[in-house]
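To keep things clear, I will list the structure first and then write my remarks on it.
For clarity, every value in this text was computed on a predicted model and none was experimentally measured. What you see below is based on every heavy atom in this structure, not just the backbone, and it leaves out hydrogens, waters and symmetry mates.
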Amino acid sequence: MKIQNVSDTSFKKYGKILKGYPTDKILKEMQHTPLPDDVIYVPSVDTLEATSDAKIFQGKGFGGLDIEVGYCNGNNHKLNGLEYHRSSEINIAVNDLVLILGAQQDITDEFKYDTSKAEAFLVPKGTVIEVYATTLHYAPCNAEGEKGFRCVIILPKGTNEDLTFTPDKDGEDKLLTAQNKWLIAHEEAQIPGAFCGLVGENITLK
């Protein structure tokens, strides 16, 4: 799979690079977060949310909405799944990483998605991006062999936390696996409780 760059025109349908946001304090705190051999995602981290940087993201990035600042760190080379939210997501690449992205508009009426439609983008170290609500995404992939990745994830507060109700088993509701999180998984990934609707190769980046 060709790996493009978020600075390329082809990224514009999925998101945009954000300029003028302070990140020094958040990036400093991220150095204390784990870098496991697999993937870890923590939606909300007090030390990240307490930074003055986070206050700027809350105002400029989300218009004052309550936000959560967390991280997704680790080592990953596979697509495994694609999710979307009802809101944009802001990512800060602590080091170079790759995102595999798709368009929600390409999901069929049966909630299937052909992985051949997905595209990969390098997010260079220190880059801040907005990932649009209609963009399918999941855990980042390594950009530098086995060096792993660290990525700051900023979302409206409560996103990806446990559901407080039981969703229906029909329609789009069957994709709902957490608050503000609709997930389509690849069967190969064996994600517990997830709807397996990714058709085609479970894309691997090496």
- Message: Quick one, Leu101 with Phe121, criterion side chain to side chain contact (heavy atoms under 4.5 Å, CB included). Give me CA distance, side-chain angles, the key distance, then yes/no.
- Response: CA-CA 8 Å; Leu101 305 176; Phe121 292 88; 3.9 Å; yes
Within-4.5 Å side-chain heavy-atom neighbours: [X] and [Y]:
X: Ile129; Y: Ile90; value: no
X: Thr159; Y: Lys181; value: no
X: Leu99; Y: Cys151; value: no
X: Asn80; Y: Asn76; value: yes
X: Ile92; Y: Phe57; value: yes

- Determine whether more than 12 heavy atoms belonging to other residues, nucleotides or ligands lie under 6.0 Å from atom CG of Asp38. yes
- Query: Quick check: are there more than 12 heavy atoms from other residues, nucleotides or ligands sitting under 6.0 Å from NZ of Lys25?
  - Reply: no
- Message: Classify the ring geometry of Phe111 against Phe195: parallel below 30°, tilted from 30° to 60°, perpendicular beyond 60°.
- Response: perpendicular
Donor-acceptor pair, side chain of [X] and main chain of [Y], under 3.5 angstrom:
X: Asp8; Y: Asn5; value: yes
X: Asp168; Y: Asp170; value: no
X: His77; Y: Leu205; value: yes
X: Asp53; Y: Ile26; value: yes
X: Glu49; Y: Val69; value: yes
X: Asn202; Y: His186; value: no
X: Gln58; Y: Leu65; value: yes
X: Asn160; Y: Ala178; value: no

- Task: Kindly work out whether a path of hydrophobic side-chain contacts (I/L/V/M/F/W/Y, heavy atoms less than 4.5 Å apart) joins Tyr41 to Leu136.
- Result: no
- Query: Step by step, would you call Val6 with Phe11 a side chain to side chain contact (heavy atoms under 4.5 Å, CB included)?
  - Reply: CA-CA 5 Å; Val6 290; Phe11 179 67; 3.8 Å; yes
State plainly whether the residues [X] and [Y] are in salt-bridge range, i.e. N to O under 4.0 Å.
X: Arg86; Y: Glu172; answer: yes
X: Glu68; Y: Lys157; answer: no
X: Lys2; Y: Glu119; answer: no

Between [atom1] on residue [X] and [atom2] on residue [Y], distance to nearest 0.5 Å:
X: Leu82; Y: Ile100; atom1: CG; atom2: CD1; value: 8.0 Å
X: Leu48; Y: Ile153; atom1: CG; atom2: CD1; value: 11.0 Å
X: Glu146; Y: Asn142; atom1: CD; atom2: CG; value: 6.0 Å
X: Ile184; Y: Ile107; atom1: CD1; atom2: CD1; value: 4.0 Å
X: Gln190; Y: Cys196; atom1: CD; atom2: SG; value: 8.5 Å
X: Glu83; Y: Trp182; atom1: CD; atom2: CH2; value: 11.0 Å

- Residues Val98, Phe149; criterion side chain to side chain contact (heavy atoms under 4.5 Å, CB included); working and verdict: CA-CA 9 Å; Val98 175; Phe149 63 85; over 6 Å; no
- Message: side chain to side chain contact (heavy atoms under 4.5 Å, CB included), that's the test. Do Lys78 and Ile203 meet it? Break it down for me.
- Response: CA-CA 6 Å; Lys78 287 185 175 289; Ile203 296 168; over 6 Å; no
Under a 3.5 Å threshold, yes or no: a donor from one side chain and an acceptor from the other, between [X] and [Y]?
X: Asn91; Y: Glu89; value: yes
X: Gln179; Y: His85; value: no
X: Tyr113; Y: Gln104; value: no
X: Ser116; Y: Glu201; value: no
X: Ser87; Y: Asn180; value: yes

- Message: Out of the candidates Thr108, Asp109, Asp114, only one should pair with Lys112 under the side-chain contact (heavy atoms from CB on, under 4.5 Å) rule; please name it.
- Response: Thr108
Do you know which two heavy atoms are closest between [X] and [Y], and how far apart they sit?
X: Tyr138; Y: Ile191; answer: OH-CD1, 3.6 Å
X: Pro34; Y: Ile40; answer: CG-CD1, 4.3 Å
X: Cys72; Y: Ala139; answer: SG-CB, 4.2 Å
X: Gly200; Y: Thr115; answer: C-OG1, 3.6 Å
X: Asn75; Y: Pro36; answer: ND2-O, 3.0 Å
X: Lys125; Y: Val94; answer: CG-O, 3.3 Å

- Of all residues at least two apart in sequence or in a different chain, which pass the side-chain hydrogen bond (donor to acceptor under 3.5 Å, both in side chains) check with Asn73? Thr33
- Query: Taking the six-membered ring of Tyr21 as reference, does the NZ or CZ atom of Lys60 fall below 6.0 Å from its centre and within a 45° cone about the axis?
  - Reply: yes
- Compute the centroid of each ring, for Tyr132 and then for Tyr14, and state whether the two points are separated by less than 6.0 Å. no
